[in-house]
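Below, chain A is the first sequence line, B the second, and so on; all start at residue 1.
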Protein chains: 2
Amino acid sequence: MPETLAQDPAAEAAPRRPRGRPRKSAQHLDESGRRRELMEQAARLFLVKGYAATTTRDIAAAVGMHSGSPFYYFKSKSALLYAVMREGMEGALASQQQALDKLAPEADAHARLRALIRHHFDILLGPASGFIPVMLYEWRSLTAAQKKGVSQVKDTYEAAWMPALEALAAQGDLRASPAVARLFIFGALNWSVQWFRVRGSQTLDGLTEQALHLFAGKA
Amino acid sequence: MPETLAQDPAAEAAPRRPRGRPRKSAQHLDESGRRRELMEQAARLFLVKGYAATTTRDIAAAVGMHSGSPFYYFKSKSALLYAVMREGMEGALASQQQALDKLAPEADAHARLRALIRHHFDILLGPASGFIPVMLYEWRSLTAAQKKGVSQVKDTYEAAWMPALEALAAQGDLRASPAVARLFIFGALNWSVQWFRVRGSQTLDGLTEQALHLFAGKA
DNA sequence: CCTACCGATCGGTAGG
DNA sequence: CCTACCGATCGGTAGG
């Protein structure tokens, strides 16, 4: 895994900055707070209604702005979608890395896969979720350059699963080629966005164990 | 499984019929041909661009009509989406039933699951596919009444998997509860729409075997 | 099915 | 960030 990501192929010029000398950190925090709010509300609406059916006016209203104001933070609706996906994926990659680093050095392949599945459920269904489901279900709304930009991060995220899957296959605990198993497993997990309900009886820990046994259970 | 489906909760008045006495079967065939063409092109566009981003003008142009003409066959864009999903799901349910009926009477649970998976891949990725992927990825674009209408058929389709999954669980070849396994398995299969490419090296038969072994393989 | 059209909505911008 | 606004597009319809 590269320590630094390549340049962003879909990077765009930043929007107008506020005039005058930028005030201290308070100002910066506030600014990035508003930007972040826009991304969070946009992600929520994109997931419920879809990107194309969500208007920039919906998003503005959701954060208490007037209709033209989101364009102060993002140069276009498309750039806002891209920010949600790209920055969401960067966050997911970072937290996945942390989850793997937290494992004991002697952790076996089952433990590694369990940690990956548990973390993925958290990203998809946990309290701080939202950006990654948008990425999964709005991929077609990106331009080609934007897809490239998100793929840079997404491919790294997915590649991190291969060592565990290969080890499981080698020891006979995975009954498909690692490459195909990865596609099926991601599908099974990603689809949970469609049916999982927070108020239901399932816990993310319980789902993790069931998934682990179904895909890589012994006997 | 009921022999007859309940009434369609989202059924709407048929669009205007052509004036004059309906001519014989040729006329009828031609009419239903145009209607079908609209559904097929609409499904293709809905899948590529999404429902909201597809205009009724796009659809009209794809079948060589002028912009107002689709509304002669469907009372609204929404009704066209619903027809794609509902009729697509009805066709899938019928062909799934046929696939099960074709099994030898002594077929075991593995053979039943294999037939179900193979048929599902065909529906999702085969040459005649298109309607079901739209249903899977545009669910949120339906009204509540429409969701009810499609669910009537979809629930029956999915329920047909339970006996095979329960039998496999009973004999120790399924390492999760049948209910949760069904959700994961459908996710794994449905996600293939995202990555399967017809020109690639994978065949639907090959994918079926890999899925079967991954989910319900012995040892 | 086509022609001709309407009312509403939408992304985006200039200027402050 | 707001105000005021524009040009383009879109679903849908009347009438034939």
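Remark: P of dG12(D) and NZ of Lys75(B) are 9 Å apart, rounded to the nearest angstrom. Distance Asp58(B) CG to dG11(D) P: 8 Å, rounded to the nearest Å. Between Met65(A) atom CE and dT3(D) atom P there is a gap of 13 Å when expressed in whole angstrom units. When the P atom of dG12(C) is taken as reference, atom CZ of Phe71(A) falls 5 Å away, rounded to whole Å. Distance Lys77(B) NZ to dG12(D) P: 8 Å, rounded to the nearest Å. Protein atom CZ of Arg35(B) is 16 Å distant from nucleotide atom C1' of dC1(C), rounded to whole Å. In this structure, His66(B) places its NE2 atom 17 Å from C1' of dT13(D), rounding to the nearest Å. Rounded to whole Å, the distance from OH on Tyr72(B) to P on dC1(C) is 8 Å.
Applying the salt bridge (charged side-chain N to carboxylate O under 4.0 Å, His left out) test to residues at least two apart or on different chains, none of the pairs has a partner in residues 123-133 of chain A.
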Just to be sure I follow the notation: if a pair is Watson-Crick (purine N1 to pyrimidine N3 plus N6-O4 or O6-N4) or a G-U wobble (N1-O2 and O6-N3), each under 3.5 Å, what dot-bracket string does DNA chain C give, with | for pairs to another strand? ||||||||||||||||
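A donor and an acceptor atom, one from each side chain of Gln152(A) and Arg86(A), are located under 3.5 Å apart.
Contacts of residues 39-51 of chain B with DNA chain C (heavy atom under 4.0 Å): none.
No engagement by Ser78(A) is indicated, since no non-hydrogen atom pair under 4.0 Å with the nucleic acid exists. Counting any heavy atom pair closer than 4.0 Å across all strands shown, Thr55(B) reaches sugar-phosphate atoms only and no base atom.
For the atom pair Arg118(A) CZ and Ile123(A) CD1, the distance stands at 10.5 Å (nearest 0.5 Å).
Arg57(B) is linked by a salt bridge (charged side-chain N to carboxylate O under 4.0 Å, His left out) to nothing, counting only residues two or more places apart in sequence or in another chain.
Without hydrogens or angle criteria, Gln202(B) side chain to Leu207(B) main chain gives no donor-acceptor distance under 3.5 Å. Using a distance-only test at 3.5 Å, with no hydrogens or angles considered, a donor-acceptor pair links the side chain of Gln146(A) to the main chain of Thr143(A). A donor-acceptor contact shorter than 3.5 Å is absent between the side chain of Ser192(B) and the backbone of Ala188(B).
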Residues 42-54 of chain A side chain polar contacts: donor-acceptor under 3.5 Å, at least two apart:
from: Arg44(A); atom 1: NE; to: Gln41(A); atom 2: OE1; distance (Å): 3.0
from: Arg44(A); atom 1: NH2; to: Gln41(A); atom 2: OE1; distance (Å): 2.8
from: Lys49(A); atom 1: NZ; to: Asp58(A); atom 2: OD2; distance (Å): 3.0
from: Tyr51(A); atom 1: OH; to: Ser78(A); atom 2: N; distance (Å): 3.2
from: Thr54(A); atom 1: OG1; to: Leu45(A); atom 2: O; distance (Å): 3.3
from: Thr54(A); atom 1: OG1; to: Gly50(A); atom 2: O; distance (Å): 2.7

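Here the options are Phe184(A), Phe186(A), Tyr137(A), the test is ring-ring contact (aromatic ring centres under 6.0 Å, His included), and the partner is Trp191(B); only Tyr137(A) passes.
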Check nucleotides 5-7 of chain C against the protein and report each pair of N or O atoms closer than 3.5 Å, with its distance, or say if there are none.
none

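Salt bridge status for Glu138(B) with Arg140(A): present, with a side-chain N to carboxylate O gap under 4.0 Å.
Aromatic ring orientation, His120(B) versus Trp161(B): perpendicular (interplanar angle above 60°, classes split at 30° and 60°).
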